[in-house]
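Read the structure below first, then the notes.
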Amino acid sequence: MNEPILTTISVVAAAALVAIFVITVVRSAGERGLQRFAQMHGLDRTSGADDSSDAEQRGIDATVRRAILSRARWTAAIGALGVVAIALICLLVPDLFAAPYWTLPLIAVLYLSIVVASATSSTLSAVRERHAAGPRIARLDSPTLTDYVAPIELIAMRLTAGLALAASVALIVLLVALPDVANRTAGLWSAASAAITLAALLAVVEIVARLIVSNPRRASTEHALQWDDAQRSATIRGLINLPTVLAMLVGLLVASQLSALLEPAGVIVAMVAFLVFPGIVLTLAIIAASKSPELYYLKRLWPEQAARVAASFRSQSVEEHAHS
């Protein structure tokens, strides 16, 4: 398959993925999306039967929709820049399609554009929330990061990022020690860029997550405060997934370069890396999913509500079992 066809396929596929992602985000702002969010996070859509409660819920829904649509706009804008970047890479990088793992840098660029969009949207939202005015309900305790996100998810982010950074540093050291390697300069630049990008993203996520946690609560009732906590938890959990996936891509990119440097042993290195990085991410994801991470914040901050949700799930399971 010649280069113009591969370039067209790459650009069209990237544009389609961005469009699908944006449409999915926008659809989550609809009534069904909000209902699904409430069910996933153990929330009620109304705080009571009177008009004031309905008005409060409409205000909460509007706030959630604004955050979702802001994320969709940023994703569309920066995702479009990512598609343009992929087109330029395909057109300008010599012998790109001759590389054995040429899809990896393109996937990394596309994912990085979505990462930048999500991080930008979350950061701006957190800053706006910090300076927003409005009534606030008092709280006896001061929640911390581990009240909103399970420690296993933080461990997954830091472990995968640490492994990918270590692999990038190892590649840089190897390239410095082997001055006669072909494409040495390009390899150094790509490894250093990957390491710096990942380290910067990890630092941004750690800072923004703590900024979101420390923001004042804009809520005048317990019902609104529960929704506020759920949004914080969902936003932070979405943020910490970004370095985890990027670390996996960086690890695979480094492995592909090492396989070319260390032939024939490099094939084994690549195979191990292609198993280790996705394996770690998948294992930690399964462990986290088994603990209902969407409801983790509820168990920490609203144990009575968490107990009611658990009882509701149990009774629903019993009814389904009885009807089966």
Checklist entry - Which atom pair, heavy atoms only, marks the closest approach of Phe21 to Ile114? => result CE2-CG2, 3.9 Å
Checklist outcome for this item: dist Leu298:CG -> Ser233:OG (nearest 0.5 Å) comes out at 9.5 Å
Checklist entry - Any link between Val169 and Met248 through a network of hydrophobic side chains (Ile, Leu, Val, Met, Phe, Trp, Tyr) touching at under 4.5 Å? => result no
Item to check | Residues Thr63, Arg66; criterion side chain to side chain donor-acceptor pair (under 3.5 Å); working and verdict | outcome: CA-CA 5 Å; Thr63 300; Arg66 281 196 300 271; 3.3 Å; yes
Next on the checklist: Looking at Ser121, is its backbone amide N or carbonyl O close enough to the side chain of Arg71 to form a donor-acceptor pair, meaning the two atoms are under 3.5 Å apart?
Outcome noted: no
Item to check | Side-chain donor or acceptor of Asp147 paired with backbone N/O of Thr144 under 3.5 Å | outcome: yes
Checklist entry - Just wondering, do Trp302 and Asp229 contact through their side chains at under 4.5 Å, heavy atoms? => result yes
Checklist entry - Shared ILVMFWY cluster between Leu198 and Leu171, side chains joined below 4.5 angstrom? => result yes
Checklist entry - Taking all atoms of both residues into account, what is the closest heavy-atom pair of Val26 and Ala72, and its distance? => result CG2-CB, 3.6 Å
Next on the checklist: Quick check on the hydrophobic clustering: are Tyr296 and Ile152 connected, directly or via other members, by side-chain heavy-atom contacts under 4.5 Å?
Outcome noted: no
Checklist outcome for this item: Heavy-atom nearest pair, Val109 first then Ala85, reads CG1-CB, 4.0 Å
Item to check | Distance-minimising heavy-atom pair for Leu242 and Ala119 | outcome: CD1-N, 4.4 Å
Next on the checklist: If you compare all heavy atoms of Leu69 against all heavy atoms of Ala29, which two are closest, and at what distance to 0.1 Å?
Outcome noted: CD2-CB, 4.2 Å
Item to check | Close side-chain approach of Cys90 to Ile86, heavy-atom, < 4.5 Å | outcome: yes
Checklist entry - How many angstroms lie between CD in Gln231 and OH in Tyr148, if you round to the nearest 0.5 Å? => result 11.0 Å
Item to check | Reported CD1-to-CD distance for the pair Ile236 and Glu153, which is rounded to 0.5 angstrom | outcome: 10.5 Å
Checklist entry - Counting N and O atoms only, with roles assigned by atom type, does the side chain of Ser28 sit under 3.5 Å from a partner on the main chain of Val25, one being a donor and the other an acceptor? => result yes
Checklist entry - Given Pro243, which of Val250, Val115, Thr160, Leu202 fulfils the side chain to side chain contact (heavy atoms under 4.5 Å, CB included) condition? => result Leu202
Checklist entry - Distance from Leu17 atom CG to Tyr111 atom OH, nearest 0.5 Å? => result 13.5 Å
Item to check | Donor-acceptor pair, side chain of Ser214 and main chain of Leu211, under 3.5 angstrom | outcome: yes
Checklist entry - What's the shortest heavy-atom distance between Ile172 and Ala191, and which atoms? => result CG1-CB, 3.7 Å
Next on the checklist: I want to check something: taking the side chain as every heavy atom from C-beta on, are Gln57 and Trp227 in contact at a cut-off of under 4.5 Å?
Outcome noted: yes
Checklist outcome for this item: Value for CD (Glu206) from CG (Leu239), rounded to nearest 0.5 Å, stands at 10.5 Å
Next on the checklist: Working note: Glu31 + Arg65, criterion salt bridge (Lys or Arg N to Asp or Glu O under 4.0 Å); need CA distance, chi angles, decisive distance, verdict.
Outcome noted: CA-CA 10 Å; Glu31 183 64 25; Arg65 285 194 178 97; 3.7 Å; yes
Next on the checklist: If I take atom CD1 from residue Ile240 and atom CD1 from residue Ile155, how far apart are they, to the nearest 0.5 angstrom?
Outcome noted: 10.5 Å
Next on the checklist: Donor-acceptor check, side chain of Gln305 to backbone of Leu43, threshold 3.5 angstrom: yes or no?
Outcome noted: no
Checklist entry - Do the side-chain N and O atoms of Gln226 and His41 include a donor-acceptor pair separated by under 3.5 angstrom? => result no
Next on the checklist: With no hydrogens and no angle check, just 3.5 Å: does a side-chain donor-acceptor pair link Arg36 and Gln39?
Outcome noted: no
Checklist entry - Taking side chain as C-beta onward, heavy atoms only, is Ser113 less than 4.5 Å from Leu110? => result yes
Item to check | Distance-only side-chain donor-acceptor flag, Arg232 / Thr235, under 3.5 Å | outcome: no
